[in-house]
Amino acid sequence: MWPFHRKKSTLRPDYDAHRGPEIPDQLGDTPPPVRDDAAKLMDNLRTAQNLLEDVSGVDIALVEDLITETKTFSKRLEAFVDELQPQANGLPIPLDVVSGSVEAAYDRLKNTVGQSPDIIIRRFLIGRHHPIPALLTFEDGLTDNQMIDQDTLYLLQRYQSTDDLAKDPKVAHQIIHDSVTSIGHATVEKQWSKILVDLMGGNTLLFIDGCPEVLVLDTVKYPARAISAPTTERAVKGPQEAFNEVILTQMNLIRRRMKGPALHFDTVNVGELSQTAVVIAHVEGVTNPELVMAVKRRLATVQIANLEYSHTLNRALSTHPNSLFPQVRSSERADLISRDIAQGKVAILVDNTPYALAVPATFMDFYQTTDDYTSGFWEAGLERMVRLIGLFVGLLLPPLYVAFSSVDPELLPTKLVITIAGSRVGIPFPPIFEVLIMWIIIEILREASIRLPKGLSTTLGTVGAIVVGTAVVKAAIVSDIMIVIITLTALGLFTSPVYEMATPWRILFWFVVAASYAFGIYGIILAMLVILAHLASLENFGVPYLSPFGPIRLRDLKDSWLRFPGASLNKRPAYLRTVHPTQRVPHSDLPMPNPQLYQTQQERFDDES
């Protein structure tokens, strides 16, 4: 539309009042040019209008969600602004500090975490005669409702001496902690970043009007399963208690076995979102302080959003995280972790997972069990030697078969060569393919038995192995000797008490088989030297992985593949460099005099007669 220009009216001579003013014809005139800024603005408005029409035409819910989020954000800003009240010195209160106003705290909680249905926020009055406004908030499902209702809320509402609270609100939390609430553990916080983490952990927050600090009440009651027997590390004679997912229960199981005051638990939080509690357990005066500080420094480097499993920390706690061999001992047994702590190691307990970690770990630690220390030294030594023989049988038996039957048959006696050749009559595949076929079958049966229910997995493992083994032999896919070799291999590799140590050998098994098929006996020797060199190069927290064999420590050899009597194990492992190396006082090996039972019985008989 063209603009109208108001000019001063001047009466022309031909003006007729009855006809009215005469308007000249301007339709044919060219309109005045529009400025560039106005044209750009109109174009932007048309573009924005088209975009809004497109959005509203496609998804109206998106716009509604955007409006809702904007309103929520506006409420949060209003709550933050309300807390920015000037202090006595004229400076505003920082956003991360509690202002002391119950209404401001209510608005902030309601507009942030209070939108979740499991967060309960309740305003109430302390006392009857001169009531003081207060606020109580907790997370439903992680707290003990009886402690909140009877031990906190009931007592606060019936508190009589509210005048003391009104006189000095800054010490109100101390008066309530000492005189009112009956909850055992309570702390004081004034930073929002800390109290919100405490709230999400199951604690109850108590805000008092005028008090610039918050009383954090320990009302945590986690839903947890009962303590059960270990499932992955079974013992015949040892204790039958395993950790559960609650970190307090894990600490209690260790404390029950080590009641001395030297046992320390240091807590850190890991995970930006989860804020998972991680406890570092060690014995003060025994564990090397440098080891404890090294563990804390490594845990401080873990940058993760959500920590769910303790095994997530293995990479940070390992000096060589890309190695096949585990460098952190993982266990669900409370007695085993307690023993490692008593020896001078550091244990790491992680909330929400039943597996604790112990560092540093050596190669021998993965071949020691609880039964080794609950039985005699002869039996313990025999069991450890069986594990060592099982390791060599599982790792070397198929490679030796492939090497002797494919590359170096002249190294075997003639009768044995004829026997092996006779068993392979009609077999269309070379020996290495026999090993490959049978090992794939073993791995499939193992994985299926793990994933299926317990009763069904046992049946499937037994029946499947028999049926498949018989079928492949009758079909002339593999030989009879191969069935025996693969069975012994599978049993030998799983003689390791710790599941983590069986996995590296299952992988290196193929490396040795390939070397034996390519170079025969020399390939096996070369592969074993490579594995041994890799093991010798590993270390964690300054402790060699092959201790006490490399370097050799005679004192620690008493508890390696052979276990000496308990009287000779009076020193802690030398590689741990403990502050107090003695763990038991040596006693005399002289035999005690036998009691004279016959003489005592004879004297008693004479007295009665």
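Computed from a predicted model, the values in this text were never measured in an experiment.
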> Nearest heavy-atom pair of Pro399 and Val513: which atoms, and what distance?
Replying inline: CG-CG2, 3.7 Å

> Is there a donor in the side chain of Arg387 and an acceptor in the side chain of Ser496, or the other way round, less than 3.5 Å apart?
Replying inline: no

> Heavy-atom distance under 4.5 Å between the side chains of Ser338 and Asp335, does that happen here?
Replying inline: no

> So Thr362 and Tyr575, side chain to side chain contact (heavy atoms under 4.5 Å, CB included) or not? Walk me through it.
Replying inline: CA-CA 10 Å; Thr362 63; Tyr575 61 82; 3.9 Å; yes

> Mind checking whether Leu253 and Arg256 have side chains closer than 4.5 Å, heavy atoms only?
Replying inline: yes

> How about Val402 and Val435: do any of their side-chain heavy atoms sit closer than 4.5 Å?
Replying inline: yes

> Can you check whether Val286 reaches Val579 side chain to side chain, under 4.5 Å on heavy atoms?
Replying inline: no

Let me check something: any side-chain donor-acceptor pairs from residues 547-554 under 3.5 Å, sequence neighbours excluded? List them with distances.
{"from": "Ser547", "atom 1": "OG", "to": "Pro544", "atom 2": "O", "distance (Å)": "3.0"}
{"from": "Ser547", "atom 1": "OG", "to": "Arg553", "atom 2": "NH1", "distance (Å)": "3.4"}

>> Using only atom types and a distance under 3.5 Å, with no angle test, would you say the side chain of Ser537 pairs donor to acceptor with the backbone of His534?
In response: yes

> Does NZ or CZ of Arg297 come closer than 6.0 Å to the centre of the six-membered ring of Phe541, within 45° of the ring's axis?
Replying inline: no

>> Restricting to salt bridge (charged side-chain N to carboxylate O under 4.0 Å, His left out), what partner residues turn up for Arg506, sequence neighbours left out?
In response: Glu443

> Do Thr495 side-chain atoms and Gly492 backbone N/O form a donor-acceptor pair below 3.5 Å?
Replying inline: yes

>> Run the salt bridge (charged side-chain N to carboxylate O under 4.0 Å, His left out) test against Arg572 and tell me which residues pass, sequence neighbours left out.
In response: none

> Could Lys221 and Glu139 be called an ion pair, given the rule that one side-chain N must be under 4.0 Å from one carboxylate O?
Replying inline: no

> Do Arg563 and Tyr373 touch side chain to side chain, with heavy atoms closer than 4.5 Å?
Replying inline: yes

> Is it true that Asp371 and Lys237 make a salt bridge, defined as a side-chain N closer than 4.0 Å to a carboxylate O?
Replying inline: no

> Checking Ser310 side chain against Tyr355 main chain: does a donor-acceptor pair fall under 3.5 Å?
Replying inline: yes

